[in-house]
Amino acid sequence: MTEHDGLSAGWVARTTVALDELRATGGWLWWLQSDPVHGGVRRVVRAGESGAAEFVTPPEYPVGGSLHAYGGGAFAVAVGSVWFTGADGSLLRQSGGGGVELVAGAAGWQYGDLTAGPGGLLAVRGSDAADEIVSVSEDGGVEVLVRSEGFLGHPGVIGDRLCFTEWDRDRMPWDACRVLVADLAERTGAPTAVAGGPCESALQPVWGPDGLLYFLSDRTGWWNLYRRLADGTIEPVAPIDADCAPAPWEGGYRSYGFTDRGGVVLAATDGITTELLLVDRGGRRVRVGANLSSVKPYCAVLGGSVAVIGSTPTSAPSVRLARLEEGSEAVLHPALARFTGSGSGSWRPVRPEVLAVPANGTEVRFLLHLPTTGLPVPLLVRAHPGPTDGVPLRLDWTTQFWVSRGCAVAEPLYRGSTGQGRDFRRQLDGRWGEFDVDDCAAVAEHLVERGVARAGAVFISGASAGGYTALNAACRKGPFTAATAISPIIDPGRWQYSVPAWQRPHAAALRGPAGAVRAEQVTCPVLVVHGSNDTITSAGDAMALAEALDGLGTGRGLLIEGGDHYLSDPRDLEAALRAELAFYREVMSRAAGETPRAAPPG
């Protein structure tokens, strides 16, 4: 990997801006955005369709709690105020005057899944024992509408009818989830189940402008859009062999929106590429925003356009607008030009290829990013942090950091990923640490055989669940020369009982023969990176493994003080990138019999 002329770790860390929860309300676009100037805290932003964007919430009030471990639905605009969840799970409100007031303290509850309701706000709040859907009035009064010993989500009201989702505490919502409707005028009756069940995941219920209930269901094996007619009949809106939703790790997803002409716009993905589809009243489908290759699960219709957090193979995720016309292209919101990569010097992003390799009786699809240098080159296989994640075809500055230094990067859509339907998503259950590693190894071996990757310089890196994949890859003989595990899971058995309750069924379903990673099993050098304030995976377990590896001479660790699970602070991401780069250079230098070189500044 070249020492000079690449993108600097500091620049990449400061340029990586997270955007989420896009909404259209009151003629404005609203979204959440990380603020690199203030340590990466998330703040609410608003912008007109063509006007300047502005931060709304102050940096001293980071937005986003941890309802169901990962939060989501962290803000809503209702009755002239911005309501949002604080980092401790409390409910806050910012009125037009700019002051922030506490509406409801955490006190054992985590608030989230906020949405505007009649006369105030609807929210989900969860405790260790139960979930509740509550209505919060303008004066701060809280009324419980639904209570469940399971998990609740996605509330919405039309008239006296409340829709919501519910799933049991021993299941994950992408495996089994129900859509229900309750009559708020008749509190004595039980809610009516509309869709979902033990083998069906029904998600994202929304009341349409026509008064009908819309929702996504994977009853055919694919998450598709359905609606419930006035007579109770369920009919598909746009049948397609593609997932029109991601696995619901967070609340607040809005993967489809309604147009003024009675149509629906929705996103359909195959796990790598996502397309925006406009479906008219007759069911005819056309593509809009045709230049987009990746779209986050938020569709916000604003007049004759749809706003999305979208990207292309050579542009990072940003707020983009696409006319609701066949073949239209999505254009960058004019207020966000500064987030398109200006300042990267002479570097021009490399467009990846979508490839596939036969493996394990099937095929593994993957993205391949190649540097402009001659082949073969060092290879970094990046295991996504799923397992139910995808490999979005978009510009990622961390990937470009490696490519700019002469390294090829491969991103496998390994078994268990989202976007290939229910059966594919469930293939990793009971085989975690095996099938994912098999698929990553198959990609690496294929690229070595093709002469793309240089044998002896083949690395694997992963974060969170992907960190467990990388560690298990390091416990095998070949093809990997070294591995980096960031915020990794070390022992799935212990993690199952330490992880937040919401995620325990997932941990139980995934556990397989691979078991805990032990230092004596490791066959190649390993770098372990972990933030000390990680609430999802154990920094103690990670650093204990790193210490054991160090004692055996096969690895080392980096504990980032104050770092969270995602290394959200740009300074933490910079430190991790610099450490990983120095680690690979050291491994390659030792293999070549050279004196290891220090990583350059930046």
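Values reported hereafter were calculated over all heavy atoms of this structure, with side chains retained and with hydrogens, waters and symmetry mates removed.
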[Y] and [X], any side-chain heavy atoms less than 4.5 Å apart:
X	Y	value
Phe75	Leu32	yes
Asp175	Pro173	no
Leu91	Leu114	yes
Val279	Arg284	no
Ser201	Asp218	yes
Ser417	Arg425	no

Quick one: [atom1] on [X] to [atom2] on [Y], what's the gap to the nearest 0.5 Å?
X	Y	atom1	atom2	answer
Ser464	His565	OG	NE2	3.0 Å
Leu122	Leu162	CG	CG	7.0 Å
Arg125	Asp113	CZ	CG	14.5 Å
Arg415	Asp439	CZ	CG	4.0 Å

State, without any angle test, whether [X] and [Y] hold a side-chain donor-acceptor pair at a distance under 3.5 Å.
X	Y	value
Gln33	Trp31	yes
Trp249	Thr388	yes
Ser148	Asp131	no
Gln94	Ser81	no
Arg320	Ser315	yes

**OP:** Could I get the full list of side chain to side chain contact (heavy atoms under 4.5 Å, CB included) partners for Ser293, not counting sequence neighbours?
**Re:** Pro313, Leu393
Would you mind writing out the side-chain donor-acceptor pairs for residues 296-307 within the sub-3.5 Å range, not counting sequence neighbours?
unit_1, atom_1, unit_2, atom_2, d
Lys296, NZ, Leu19, O, 2.8
Lys296, NZ, Asp20, OD1, 3.0
Ser305, OG, Arg323, NH1, 3.3

Results of ring-ring contact (aromatic ring centres under 6.0 Å, His included) for [X] - residues two or more places apart only:
X	result
Tyr111	none
Phe258	Tyr214, Tyr256
Tyr414	His384

**OP:** List the steps, then state whether side chain to side chain donor-acceptor pair (under 3.5 Å) holds for Thr269 with Asp243.
**Re:** CA-CA 6 Å; Thr269 182; Asp243 279 332; over 6 Å; no
Subject >> Main-chain N/O of Gly208 paired with Arg227 side-chain donor or acceptor, under 3.5 Å >> reply: no
Original post:
Looking at Asp396, Thr312, Ile309, Val308, which hits side-chain contact (heavy atoms from CB on, under 4.5 Å) with Pro317?
Top reply: Ile309
Subject >> side-chain hydrogen bond (donor to acceptor under 3.5 Å, both in side chains), paired with Arg254, selected from Glu21, Gln204, His154 >> reply: His154
Original post:
Does Arg169 count as lying over the ring of Phe151, i.e. NZ or CZ under 6.0 Å from the six-ring centre, within 45 degrees of the axis?
Top reply: yes
Original post:
Do Arg219 and Tyr226 meet the cation-pi criteria used here (NZ or CZ under 6.0 Å from the six-membered ring centre, within 45° of the axis)?
Top reply: yes
Run the side-chain donor-acceptor check on residues 505-512: report pairs under 3.5 Å with partners two or more places apart or on a different chain.
unit_1, atom_1, unit_2, atom_2, d
Arg511, NH1, Gln496, OE1, 2.9

Original post:
Is the number of heavy atoms from other residues, nucleotides or ligands under 6.0 Å of Glu101 CD greater than 12?
Top reply: yes
